[in-house]
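Both backbone and side-chain heavy atoms feed into the values below; hydrogens, waters and symmetry mates do not. Order of the sequence lines sets the chain letters (A, B, ...), proteins ahead of strands, with each chain counted from 1.
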Amino acid sequence: MTREEIESREDESMMDAPQINKPKPEEFFNVNYLRIYYGNLFPYSDIHKWLSYGHDGKHPGCDEYYFGRREFSFTLENDVYLRYKSFKNASSMEDAIRSHFPYKIDIGAVYSVDPDKRHAYSQTGSNVFTPVERELVFDIDITDYDDVRYCCSGADVCSKCWPLMTVAIKVIHTSLTEDFGFKHILWVFSGRRGVHCWVCDPKARRMTNEQRSAVAEYFRVYKGNENNARKVALMGYSLHPFLARSYVDYLKGFFEGELQATQSIFSTKDKYEKILAMISDEDIQSELRGKWENSARSSLSEEAISLVRWEQLKNTLQSKKHKAPTLRMCVEEIVFTFTYPRIDLEVSKQMNHLLKAPFCVHPKTGRVCVPIDPNNCDEFDPLAVPTLSQLIEEINSGGSRMDVDDDSDDSDTSLLGKSVKFFRSSFLEPLLKSCKEEIESSYKTKIGKSKDSLSW
Amino acid sequence: MEVIRSQKRTASNDVVSNPKIPLYLTAPPLEVRLEEFELFAIDRLRVLKGVSDGLARGKNPKEMDDVVDALWKEHMRHSDASEMLNKDIISHFVIRLVYCRSDELKKWFLSMETALFRHRFRLRNFEAQRAIVGEFGLPYKAVTGAELESLKERLGQVVRSLGQISPSVVNDICCVSVCFFSFLSFAVEAVYYKVPFEEVPDLVAGRRVLIQKGHAFVAGSQLVSLVVTQFRSHISKALILTNRKWMTTIREREKDRLTPIVEALSTTYVGPDYSQSNDYADISLKDIDQVSKSSFPLCMRHLFEKLREDHHLKHGGRMQLGLFLKGVGLKLDDALAFWRAEFSKKVGSERFDKEYAYGIRHNYGKEGKRTDYTPYACQKIISSAPGVGDHHGCPYRHFSEDNLRAALGRMGLSSRGMEDVMDKVRNKHYQLACTLTFEAVYGTSCDVGINHPNQYFEESQKILKSKTPAAPV
């Protein structure tokens, strides 16, 4: 779309939008707001460029039907669910979104044929409708940490427990880049209480289900549920280098620092009994319990008490760890239980699993699913993410230009513009550059090959 | 490969040594007598069936090596080494022809041939293994020199993290490191291959290799993973091609000669999968609570109790229990009523219809690609990974000792019986533990061993019905 087209479209929808007075606090998500959001703010062309992976039709090596074979799904008001949606190009995607105003948009895999037309191929008997590419994705949700966070539970999240997500991003991101060599990784806020990760390298998109499963299992450490007490079991005589690096670089410091301050995991009997249960030796448990039950250090803060007890635990285990193999890495096991990332394995294992699109709005919080900078994730505050009503307010006060296709500096200052700019410069541009190089070089190879076959 | 009726046969010109395992890349230019066509295939099927049984009984890799060794010697032996190789190759291709004809057969063939290959490979010495790897023509090089040096410390960490004490191997590149590492008695191996991590998914999943910038460093002793992945991928593709050839030319052309033999060979050798319920297993909703206490194995009892208690189960639990109930004879309508009755108490019947009913119908093959899913066997359940909020999996494996003892107590085990069971659990023989539980509960012996929850149920029902034929059990 040209600039004029965008501006005139904007004007139209501005005129049609109802006059919005200052929104009541509880009305942070409704269809009218969605109309305005999808009418003016959602970055259609950025999403289209991303998911086209360079197949923009400008190069003879492009596959012009690539984007059209991607599955999308819409969740509408009243939980109506539409699967296997696909779009030829950016404007048909935009038209569809602006006619449905979905509460949620999910992105699926790129299939062998257009998802819309999948039934046309089922006559042949063999399964021709099959996923061929899909980003390697991860989903981390803070409710999976409910057994180790004391400030919130369930759907709530606060500044005390969010750092668990920050640590998770650091651990996983470092491994994806250092161990697996991936380069094009997008982290996105899920809108309420977690994060999603999209690994978009060509190698990643072509991984089989078995390979995805392998990576997910590589990341898996926590094997807990209410049926077992020792939820992290680190066997062997040392940690695998990946776990060792995560422990030394991120987990240990977080556990002994921020976590004690925010969660005080030793300060009450309930809390420390849970930790004692992770030590598989009754005598050691009793010894520590004895020390803690009787100590009346009421003058110390909760945090200070926790730290003292942690030191006592470490010292005791250090001297007694030869008693049994299960005690060898008990200290590390405790740290891992409280801090190591817990990913949802099922999301990562299968190519056909759908995942929420970036820049959607979460229906329960009204917050936009904005990208997170993995190199700066300490700065990210889930409670400061722009909400729909804030964005509407910004439009109403007529402040900055809401033209998100504008590359000028103005978009930096708007609430959403910052996120879109980050998406473009840190993720999209490097990705497209590398995609185009790949398309170019595989085209040259193909040409070269056919030239060879003709020559005699 | 040519099938002929004459007595004479052209012997293979290849000089073969025993260490070789054929890769079955192309059908060899041999002539086969019609009688041998069938006999060789039957012998190989005996081997494959033996492998299948061993796996179903949850044998560990070392035990499987022995099983395969014994099976091969019993059925595939020949005094002449080259004849033995011919039989190996011919029988594989015949079975491939037989088992390419449906998805179910293909899947079984692929799993068993891959397992067979894996264990035959493990039985070979390192030199023979290296030679086999070479035959695949993989472009992976050994890591040497400065690169190996820079990785040594972390490679050592990997070895130690696996808790094994490797034999210290003489490394003629760098003697200093041998001294250093053998002091720790966890020596880094002499040879490592640099391989894209995608080629060794099982090693990645188990964190059994060092991974850096997309490369996995595979030790010589881990080569089996690499080749098995290659082997499986090759056979999988070959099956599709063979199927195509069968459908388009062979079946018609051979309809008076080979086709009848091929069709007969496939019907006999797959174990019961409990997807069709039989007379013993026909439960109705009103009996289900009683039957769960009397005949369900521990894993299903736990899921059932949790469902009654929480009025909810997560996906893994719904699949494991739901398919089990299907195998036990619960019809779709009854299943829907059962799950709806429970889930409604927690999420309401409207939400049940919207979010969960589809999944149940899917399990019965009424939605989506309409596969009629088979109930999970023990092997699958044991290797599952229950996480937060899950109750599926195998209690003998996934429960803590205390929880398991409590659950066994509720099943009525005496303390003596419980000790026997716990002993098996400590040795990781989960299916034997379940078999002992069965024997303790019903006061009878179960020689064949439990390897499927529905088998437990059927055997249990048989016993109970024989005691009180009239009363519902």
| query | Can you check whether A:Tyr218's main-chain N or O pairs, donor with acceptor, with B:Arg207's side chain at less than 3.5 Å? | reply | yes
| said: Is it the case that the side chain of B:Ser161 and the backbone of A:Gly236 share a donor-acceptor pair, with hydrogens and angles ignored and the cut-off at 3.5 Å? | reply: no
| message | Does A:His240 form a side chain to side chain contact (heavy atoms under 4.5 Å, CB included) with B:Val158? I'd like the steps, not just the answer. | response | CA-CA 5 Å; A:His240 182 278; B:Val158 175; 4.1 Å; yes
| task | Find the one option among A:Arg220, A:Glu346, A:Lys231, A:Lys203 whose heavy-atom pairs under 4.5 Å with chain B are most numerous. | result | A:Arg220
| Nearest heavy-atom neighbours spanning A:Asp144 and B:Val388 | O-CG2, 3.9 Å
| Proximity of residues 226-240 of chain B to chain A, residues having a non-hydrogen atom under 4.5 angstrom | B:Arg232
| said: Counting only non-hydrogen atoms closer than 4.5 Å, does B:Val209 touch chain A with its backbone (N, CA, C, O), its side chain (CB onward), both, or neither? | reply: backbone
| task | Check whether A:Ser175 gets within reach of chain B through its side chain, its backbone, both or neither, counting any heavy atom under 4.5 Å. | result | neither
| said: If the condition is salt bridge (charged side-chain N to carboxylate O under 4.0 Å, His left out), which residues does A:Asp281 pass it with, not counting sequence neighbours? | reply: A:Lys323
| task | Check whether any side-chain heavy atom of B:Arg154 sits under 4.5 Å from a side-chain heavy atom of A:Phe242, and report yes or no. | result | no
| request: Provide the closest heavy-atom pair for B:Pro201 versus A:Ala214 in the form atom of the first, atom of the second, distance. | output: O-CB, 3.2 Å
| Considering heavy atoms only, which positions within residues 75-83 of chain A lie below 4.5 Å of chain B? | A:Asn78, A:Asp79
| query | Atom CE of A:Met235 and atom CG of B:Leu162: how far apart are they, to the nearest 0.5 Å? | reply | 11.5 Å
| Side chain proximity check, B:Gln157 to A:Leu239, heavy atoms < 4.5 angstrom | no
| Top of B:Val204, B:Asp390, B:Leu155, B:Leu210 for chain A proximity - count of heavy-atom pairs under 4.5 angstrom | B:Val204
| request: Measure distances from A:Met207 to the heavy atoms of chain B and classify the residue's part below 4.5 Å as side chain, backbone, both or neither. | output: side chain
| remark: Turns out that what part of B:Phe399 lies under 4.5 Å from chain A's heavy atoms comes down to both
| query | If contact means a heavy atom pair closer than 4.5 Å, which residues of residues 299-306 of chain B contact chain A? | reply | B:His302, B:Lys306
| said: Taking side chain as everything from C-beta outward and backbone as N, CA, C, O, which of these in A:Leu176 sits under 4.5 Å from a heavy atom of chain B? Side chain, backbone, both or neither. | reply: neither
| Portion of A:Ala244 that has a non-hydrogen atom of chain B nearer than 4.5 angstrom | side chain
| message | Under a 3.5 Å distance rule, please check whether A:Gln211 uses its side chain to pair with a backbone N or O of B:Glu198 as donor and acceptor. | response | yes
